[in-house]
A.B. asks: 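Before we start, here is the structure in question, set down as structure tokens.
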Amino acid sequence: MNYHNPVLLHESVDALNIKEDGVYVDVTFGGGGHSREILSRLGEHGRLFAFDQDPDAQANKIDDDRFVLIAENFRYISRFLKFYRVKKVDGVLADLGVSSHQFDAAERGFSTRFDADLDMRMDQKATLSAKDVVNDYSEEELADILYLYGELRSARALAKTIVEAREGQKIETSFQLKEVLKRHLPKAKEHKILAQIYQAIRIEVNQELEVLKEFLNQIPDLLNENGRLSVISYHSLEDRLVKRFIRTGLFSGEPDKDFYGNTNEPLKKVGKLIVPTQVEIKNNNRARSAKLRIATLK
């Protein structure tokens, strides 16, 4: 299976400040690129746990006694580490979003390039698919998703068009959806708008922002002293949550102050925002929107 080069490979693994005998977690295993780099820096007593809910990722499992691949969503990180008697770890790496393999597997329905069933499930056992969202959600629900997750100003018009079209016939494939919405897709912006629509539906299908929030909330209790969090995000919605959580420990509002005006954020940022070099972007187009943020316990 074709899994492209991992994005910001050395930068994201360097960020973990790896100890040879440490315990680390790669919560987005995919093709295993980041995991292999972490293992190359661990000694014989080090351990690496990886998560991936996509059955396709199991084909990339690494044959190494120090490695465990857990076929679950990383929102359950604490629960499954506890099963392996792990309470604290020295570092956690997350490479968010859809893998290149998922985009390139036409039948998965993630890409606007292929005519395939509207699926978009990262976890193939999940019941909700893109087809369900497009055909069963109310006009108001669709408009909210397209506006909040796709950041589309034309969300209401798009939702109205979808609802009107599906009254005559169910919208079951990506090209059907594109045809239904063609009057909202000017040639110059067609790809960009479609990408935003797909992003919005995909985030809803996979509960991506809720999963990210649940995951981040568990990190302060999971990290050892001097433990590191290394997170690569690909769109502003994810990056905003990561940045805000590192800064305040919250996803909205501001932290409470004590009598002396001090706040008690659990994490602190390490270094500045890291983005790929032009050379990496040229070699791997998926890297173009990547942002890496690093944090440690305060």
Side-chain angles (χ1 to χ4, degrees), residues 6 8-30 32-53 62 64-96 211-233 238-239 241-251 255-256 258 262-274 291-298:
L8 290 166
L9 174 62
H10 297 291
E11 295 90 338
S12 60
V13 177
D14 287 347
L16 296 175
N17 205 18
I18 286 176
K19 301 187 295 186
E20 283 195 0
D21 61 348
V23 180
Y24 295 89
V25 189
D26 175 359
V27 298
T28 47
F29 178 69
H34 290 105
S35 281
R36 286 184 177 82
E37 183 63 27
I38 293 169
L39 284 168
S40 75
R41 304 187 192 193
L42 286 176
E44 61 177 315
H45 299 298
R47 297 173 79 193
L48 173 63
F49 294 87
F51 284 75
D52 206 305
Q53 63 187 344
I62 302 166
D64 190 310
D65 292 340
R66 301 168 299 169
F67 177 75
V68 176
L69 179 56
I70 299 165
E72 290 290 345
N73 190 302
F74 63 85
R75 75 196 308 171
Y76 306 121
I77 181 171
S78 298
R79 183 191 304 180
F80 280 92
L81 288 178
K82 207 171 284 179
F83 175 80
Y84 287 96
R85 296 189 169 87
V86 175
K87 291 180 181 175
K88 298 277 185 181
V89 301
D90 297 295
V92 181
L93 185 148
D95 181 11
L96 304 173
V211 167
L212 179 56
K213 288 179 186 177
E214 286 179 35
F215 161 70
L216 289 171
N217 274 325
Q218 295 170 73
I219 292 300
D221 290 331
L222 266 181
L223 287 180
N224 276 322
E225 190 178 350
N226 300 319
R228 292 285 188 90
L229 172 68
S230 176
V231 184
I232 304 166
S233 58
E238 290 172 338
D239 184 56
L241 290 178
V242 175
K243 179 182 178 181
R244 190 169 181 78
F245 189 78
I246 290 171
R247 186 172 67 83
T248 67
L250 302 167
F251 301 112
D256 293 331
D258 65 15
N262 300 315
T263 54
N264 190 28
E265 303 87 359
L267 300 176
K268 63 180 177 183
K269 73 172 183 172
V270 175
K272 294 182 177 178
L273 174 72
I274 296 172
K291 292 180 178 178
L292 169 63
R293 295 189 186 273
I294 309 157
T296 188
L297 282 182
K298 201 164 184 186

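Numbering of residues begins at 1 and proceeds along the displayed sequence.
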A.B. asks: Considering non-hydrogen atoms only, spot the tightest contact between Pro266 and Gly249 and give its length.
C.D. replies: CD-CA, 3.8 Å

A.B. asks: Can you see which heavy atom on Ala94 is nearest to which on Val27, and at what distance?
C.D. replies: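 Minimum heavy-atom separation between Ala94 and Val27: CB-CG2, 3.4 Å.
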
A.B. asks: Taking the side chain as every heavy atom from C-beta outward, state whether Lys87 and Leu81 have any pair of such atoms under 4.5 Å apart.
C.D. replies: no

A.B. asks: Quick check: do Ile62 and Leu69 have side-chain heavy atoms less than 4.5 Å from each other?
C.D. replies: no

A.B. asks: If I take atom NZ from residue Lys291 and atom NZ from residue Lys243, how far apart are they, to the nearest 0.5 angstrom?
C.D. replies: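 Answer for the NZ-NZ pair, Lys291 versus Lys243, is 8.0 Å.
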
A.B. asks: Could you tell me if the side chain of Asp95 sits less than 4.5 Å from the side chain of Leu8, heavy atoms only?
C.D. replies: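 Contact flag for Leu8/Asp95 side chains = no.
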
A.B. asks: Kindly compute the distance separating CG (Asp90) from CG (Asn17), expressed to the nearest 0.5 Å.
C.D. replies: 10.0 Å

A.B. asks: Would you find a donor on one side and an acceptor on the other, under 3.5 Å apart, between the side chain of Arg228 and the backbone of Ala15?
C.D. replies: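 Looks like yes, one N/O pair under 3.5 Å.
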
A.B. asks: Output the distance between atom CG (Asp26) and atom CD1 (Ile70), rounded to the nearest 0.5 Å.
C.D. replies: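 Answer rounded to 0.5 Å: 11.0 Å.
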
A.B. asks: Specify the closest pair of heavy atoms between Thr28 and Asp52, including all atoms of both residues, with the distance to one decimal.
C.D. replies: C-OD2, 4.2 Å

A.B. asks: In terms of ring plane angle, is the pair Phe49 and Tyr84 parallel, tilted or perpendicular, where the classes change at 30° and 60°?
C.D. replies: tilted

A.B. asks: Distance from His34 atom NE2 to His10 atom NE2, nearest 0.5 Å?
C.D. replies: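 Rounded to the nearest 0.5 Å, the NE2-NE2 separation comes to 9.5 Å.
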
A.B. asks: Side chain to side chain contact (heavy atoms under 4.5 Å, CB included) for Lys269 and Arg247? Distances and angles first, verdict last.
C.D. replies: CA-CA 7 Å; Lys269 73 172 183 172; Arg247 186 172 67 83; over 6 Å; no

A.B. asks: Can we say Arg41 and Asp14 salt-bridge, meaning some charged N sits less than 4.0 Å from an Asp/Glu carboxylate O?
C.D. replies: yes

A.B. asks: Search all heavy atoms of Lys268 against all heavy atoms of Leu297 and return the closest pair with its distance.
C.D. replies: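 In this case the closest contact between Lys268 and Leu297 is CE-O, 3.8 Å.
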
A.B. asks: Kindly indicate, with the supporting measurements, whether the criterion side chain to side chain contact (heavy atoms under 4.5 Å, CB included) is fulfilled by Val92 and Phe215.
C.D. replies: CA-CA 11 Å; Val92 181; Phe215 161 70; 3.7 Å; yes

A.B. asks: Between Val13 and Ser230, does the side chain to side chain contact (heavy atoms under 4.5 Å, CB included) criterion hold? Intermediate values first, please.
C.D. replies: CA-CA 8 Å; Val13 177; Ser230 176; over 6 Å; no

A.B. asks: Looking only at heavy atoms, which two atoms of Ile232 and Ser12 are closest? And how far apart?
C.D. replies: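 Closest approach of Ile232 to Ser12, heavy atoms only: CD1-CB, 3.8 Å.
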
A.B. asks: Using a cut-off of 6.0 Å, state whether more than 12 heavy atoms not belonging to Asn262 lie near its atom CG.
C.D. replies: yes

A.B. asks: Does Phe251 reach the side chain of Asn217, with side-chain heavy atoms less than 4.5 Å apart?
C.D. replies: yes

A.B. asks: Any chance you could measure Lys88, atom NZ, to Leu223, atom CG, to the nearest 0.5 Å?
C.D. replies: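 The distance works out to 8.0 Å.
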
A.B. asks: Would a 4.5 Å heavy-atom cut-off, applied to side chains only, mark Leu93 and Tyr24 as touching?
C.D. replies: no

A.B. asks: So, the side chain of Thr296 versus the backbone of Gly227: is there a donor-acceptor pair under 3.5 Å, distance only?
C.D. replies: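 The answer is yes, because a donor-acceptor pair under 3.5 Å joins these two groups.
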
A.B. asks: Mind checking whether Phe29 and Phe67 have parallel, tilted or perpendicular rings, split at 30° and 60°?
C.D. replies: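 The rings of Phe29 and Phe67 sit tilted, inter-plane angle from 30° to 60°.
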
A.B. asks: Considering residues, nucleotides and ligands other than Asn264, do more than 12 of their heavy atoms fall under 6.0 Å from its CG?
C.D. replies: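 Atom CG in Asn264 is not packed in, count stays at 12 or less.
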
A.B. asks: Has the side chain of Arg293 got a donor or acceptor atom that lies under 3.5 Å from a matching backbone atom of Val242?
C.D. replies: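 No: the side chain of Arg293 does not pair with the backbone of Val242.
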
A.B. asks: Atom NZ of residue position Lys82 - does it have more than 12 heavy atoms of other residues, nucleotides or ligands inside 6.0 Å?
C.D. replies: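 No, NZ of Lys82 has 12 or fewer neighbouring heavy atoms, counting only those of other groups under 6.0 Å.
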
A.B. asks: With rounding to the nearest 0.5 angstrom, report the CD to OH distance, Glu214 to Tyr76.
C.D. replies: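 Glu214 CD to Tyr76 OH: 7.0 Å, rounded to 0.5 Å.
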
A.B. asks: Quick one: does Leu212's side chain get under 4.5 Å of Phe245's, heavy atoms only?
C.D. replies: no

A.B. asks: For the side chain of Gln218 and the backbone of Ser78, is there at least one donor-acceptor N/O pair under 3.5 Å apart?
C.D. replies: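 Side chain of Gln218 to backbone of Ser78: a pair is present.
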
A.B. asks: On a heavy-atom basis, which atom in Pro255 and which in Thr248 lie closest, and how many Å separate them?
C.D. replies: CD-CB, 3.9 Å

A.B. asks: Report yes if the side chains of Asn224 and Val23 come closer than 4.5 Å at any heavy-atom pair, otherwise no.
C.D. replies: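 Side-chain contact under 4.5 Å: no.
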
